[in-house]
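Only heavy atoms go into these numbers, but all of them, side chains included; no hydrogens, no water, no symmetry mates. Nothing fancy with the numbering, it's 1 onward along the sequence. Both counts, for ligands and for their atoms, begin at 1 and track the order of listing.
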Amino acid sequence: MTRRSTTSPFVTLIAGLWALTAPGALAQDAERGEEVFNRCAACHEIGPEADIRVGPPLTGVVGRQAGRHAGFDYSDAMVAAGEAGLVWSEETLFEYLAGPTDFLRAYLGDDSARAKMAFQLRDKQDRRDVIAYLATFNESGQEAAQAPIPAEPVQTASTELCVRNRDTHTHVFAAEAEGAERQVTTLAPGERLCIETRKSDARGVVSVYDSEDAFEGCSRLVPVGRTEDMLKYVDFDRCFWSSNT
Ligand code: HEC
């Protein structure tokens with residue numbers, strides 16, 4: 001069972017932020033992933049104009065339900081997995097790419113399931129990097145850092161620190177700052193969590209976790225008096241954020 005740290009989370013998070021931004025500490029490399037993608041390109045296209053080849057287009061695949069590209073003839077196993085709730089996240093892609101048939105069998109609990117993708121990417125770093133590359137494309141093929149939900153101006157008191165979920169999925173958010181109690185809550189798309197501090201020049205940390213059980217999340221160090229928008233949850237060190245003052 002995963003346990004979230006209970007001691008001095010503010011300090012731990014800030015220490016964690018330094019570790020994540022230290023040179024060489026990034027777990028994934030989207031540029032390297034573009035090279036790895038050459039091996040997928042025999043069967044998959046990606047980008048705004050991507051079309052069906054041997055496999056479905058992979059534009060916006062991170063966050064998409066499995067087996068759902070219109071017009072592509074998926075295996076029965078893939079369709080069943082999508083219907084059973086399989087969504088492509090970094091974790092599920094990481095397992096799937098290592099062995100599509102094994103993954104679908106385990107997911108469906110059906111030893112006769114067969115994936116149509118006759119390709120396996122064994123190397124873990126290759127998998128991490130190619131997933132980072134896939135995550136740079138959203139559904140319309142634009143850079144993923146563009147907000148999926150249009151921005152609207154937000155009024156915040158200068159002693160408030162807020163975080164808003166602008167992703168298309170529900171996630172667990174935390175906000176903490178000097179002179180304020182740490183708060184953790186689940187936010188549906190568009191919802192906001194705010195904390196009030198006594199100091200207007202304080203700094204805080206907002207974090208997002210994929211779910212209740214996720215230990216690693218994306219954190220961001222921010223001045224109080226701002227609303228941080230979490231645009232897209234990708235992985236513990238690669239979420240896309242923007243700010244509203
Ligand atoms: C030999 C051709 C081939 C290669 C190479 C290949 N794929 Fe696939 N891929 C397919 C096919 C065919 C499917 C459909 C699988 C099914 O229906 O079971 C698929 C499905 C997928 C899916 C599921 C898409 C969806 O809409 O649910 C993902 C994700 C994926 N591939 C990623 C990759 C990545 C990343 C690589 C490179 C590391 C790769 N594939 C290499 C043929 C290939």
Evaluating non-hydrogen atoms only, which member of [options] is closest to [atom]?
{"atom": "atom 12 (C) of ligand 1", "options": "Asn38, Leu104, Val54, Val61", "answer": "Val54"}
{"atom": "atom 1 (C) of ligand 1", "options": "Gly82, Ala77, Cys43", "answer": "Cys43"}
{"atom": "atom 17 (O) of ligand 1", "options": "Gly55, Gly60, Ser75, Ala42", "answer": "Ser75"}

Quick test: of every protein heavy atom, which one is nearest to [atom], and how far off is it to 0.1 Å?
{"atom": "atom 20 (C) of ligand 1", "value": "Tyr96 OH, 3.2 Å"}
{"atom": "atom 13 (C) of ligand 1", "value": "Pro56 CD, 3.7 Å"}
{"atom": "atom 36 (C) of ligand 1", "value": "Cys40 SG, 2.8 Å"}

Quick check: [X] and ligand 1, any N/O pair under 3.5 Å apart?
{"X": "Tyr74", "result": "yes"}
{"X": "Asp73", "result": "no"}
{"X": "Trp88", "result": "yes"}
{"X": "Gln65", "result": "no"}

Might you work through the side-chain contact (heavy atoms from CB on, under 4.5 Å) test for Val234 and Phe240, ending with a clear yes or no? CA-CA 8 Å; Val234 184; Phe240 297 106; 3.7 Å; yes
Is it the side chain (CB and beyond), the backbone, both or neither of [X] that lies under 4.0 Å from ligand 1, heavy atoms counted?
{"X": "Leu58", "result": "side chain"}
{"X": "Lys116", "result": "both"}
{"X": "Leu97", "result": "side chain"}
{"X": "Arg39", "result": "backbone"}

ILVMFWY cluster, Ile46 and Val54 together (side-chain gap under 4.5 Å):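 Ile46 and Val54: separate clusters.
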Are Val87 and Met78 connected into the same hydrophobic cluster when the rule is that any two of I, L, V, M, F, W, Y join if their side-chain heavy atoms are below 4.5 Å apart?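 No: no chain of side-chain contacts under 4.5 Å links Met78 to Val87.
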Do any heavy atoms of [X] fall under 4.0 Å from ligand 1?
{"X": "Gly67", "result": "yes"}
{"X": "His69", "result": "no"}
{"X": "Arg114", "result": "no"}

Return yes when atom CZ of Arg114 has more than 12 non-hydrogen atoms of other residues, nucleotides or ligands closer than 6.0 Å, and no otherwise.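 Check fails, neighbour count at 12 or below.
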In this structure, are over 12 heavy atoms from other groups packed under 6.0 Å from Asp76 atom CG?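 No, because the 6.0 Å sphere around CG of Asp76 holds 12 heavy atoms or fewer from other groups.
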N, O or S from His44 under 2.8 Å to atom 8 (Fe) of ligand 1: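 An N, O or S atom of His44 is closer than 2.8 Å to atom 8 (Fe) of ligand 1, so yes.
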What atoms of ligand 1 come within less than 4.0 Å of a heavy atom belonging to [X]?
{"X": "Phe72", "value": "14 (C)"}
{"X": "Arg64", "value": "26 (O)"}
{"X": "Ala115", "value": "18 (O)"}
{"X": "Leu121", "value": "38 (C)"}
{"X": "Leu93", "value": "29 (C)"}
{"X": "Ala66", "value": "27 (O)"}

Salt bridge (charged side-chain N to carboxylate O under 4.0 Å, His left out), that's the test. Do Asp29 and Arg128 meet it? Break it down for me. CA-CA 8 Å; Asp29 181 344; Arg128 284 192 200 105; over 6 Å; no
About how many Å separate [atom2] of [Y] and [atom1] of [X], when rounded to the nearest 0.5 Å?
{"X": "Arg226", "Y": "Leu161", "atom1": "CZ", "atom2": "CG", "answer": "9.0 Å"}
{"X": "Ile195", "Y": "Thr159", "atom1": "CD1", "atom2": "OG1", "answer": "10.5 Å"}
{"X": "Arg220", "Y": "Ser207", "atom1": "CZ", "atom2": "OG", "answer": "11.5 Å"}
{"X": "Met230", "Y": "Asn165", "atom1": "CE", "atom2": "CG", "answer": "5.0 Å"}
{"X": "Thr136", "Y": "Ile131", "atom1": "OG1", "atom2": "CD1", "answer": "12.5 Å"}

Before you tell me yes or no, could you show the steps for Asp229 and Arg164 under salt bridge (charged side-chain N to carboxylate O under 4.0 Å, His left out), namely the whole-Å CA-CA distance, both residues' side-chain angles and the distance that decides it to 0.1 Å? CA-CA 5 Å; Asp229 291 325; Arg164 180 169 33 197; 3.0 Å; yes
Between Ser211 and Asp213, a side-chain donor and acceptor under 3.5 Å: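 No donor-acceptor contact under 3.5 Å links the two side chains.
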Using only atom types and a distance under 3.5 Å, with no angle test, would you say the side chain of Glu95 pairs donor to acceptor with the backbone of Thr92?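 Between the backbone of Thr92 and the side chain of Glu95 there is no qualifying donor-acceptor contact (under 3.5 Å).
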